[in-house]
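Working notes for the structure below.
For this chain, numbers begin at 1 and follow the sequence in order. First listed ligand is number 1; within each ligand, the first listed atom is number 1. Here the structure is a predicted model, which means the values were calculated and not measured.
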Amino acid sequence: MKILNQIAGGDGAAKFLLGLEDAHTVETLYMHDKELSLTYHSTVCVSSQVGCAVGCRFCATGAQGFIRDLSAEEIFGQVAVCDRYRAGAGCPPIDAVVFAGMGEPLFNDGNVTRAIEKIAGETDIRGFELATAGIVPKIRGLTGFVREKNIRLRLNLSLHATTDEQRALLIPMTKKYGVKAILDAASDFAEATGTTARVRYMLIKGVNDSDADIGRLTGLLKGRPLKLIISSYNDNNMNGLSPVGPLDVLEFYSKIRDNVDCDIFHNFGGEVLGGCGQLRQARKIS
Ligand code: SF4
């Protein structure tokens, strides 16, 4: 695994473009939370696939299509690259690995769970987080793995919609799983593992940012062991989708926070093209 490109930002993030043996490339992000504002303070965000088959309309990786799964060793290798970087930069030991880079980790769940076991077995890293577009049967399978192996893993569900129709437009591949079904699976995961799952909701101008969305989100999330994380669309100029402004995010947050456990997402890595697929895409273009 070779470092083909590396960008370090002043916000404590560093992004790597890594070359694999078959000449494909993946992206990996290291984040040092100097302000101690996040759950984990020294984190690696790994890719689980080259490209991605889910094809979310807002995502640069999705637009590049699926190429192949990463092996457990290639996932572990990304952690090793970041560990060398953080040691050289004088950052604290890595405390968590987040599966939120390129790819849908639950479409490569065999290698992802093998990588988690390898990381937990061969390093001092004990925290894991996994972001998914919401593959219901795979979330249920992951619940069994986490409980059996006693792994500390938080689920991060990319919701981004309040109706099945709206979600089918943004994340077409997951349309066989309705919004309620994926929230049920995430809630069951959280209850079974004693965690609070994160529900990511990215505001896209004129698509999912209305008062009606706030009403539906409140009804969908109230009383569940889920925490809503609100952000603005990280503008990749994809498919004509537009971000909302910071004040719109604050307004959405202030209208929903009394009824739903929620927070605003801290956009780490924006200076280093932190959105998934952006570094790889930038290199292709240049
Ligand atoms: S957001 Fe994630 S699941 Fe969706 S296309 Fe991009 S990499 Fe795949």
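- Heavy-atom proximity to G55, at under 4.0 Å, picks out these atoms of ligand 1: 5 (S).
- Side-chain contact between R68 and E74 is present, with at least one heavy-atom pair separated by less than 4.5 Å.
- V79 places none of its side-chain heavy atoms less than 4.5 Å from the side chain of T123.
- Between atom 7 (S) of ligand 1 and the options G62, A133, S158, G103, the minimum heavy-atom separation is to G103.
- Contact annotation: the side chain of Y85 approaches that of F16 to within less than 4.5 Å [non-hydrogen atoms, C-beta and beyond].
- With salt bridges taken as basic N to acidic carboxylate O contacts below 4.0 Å, one links R224 and D184.
- Coordination check, C52 versus atom 8 (Fe) of ligand 1: passed, since an N/O/S atom of the residue sits under 2.8 Å.
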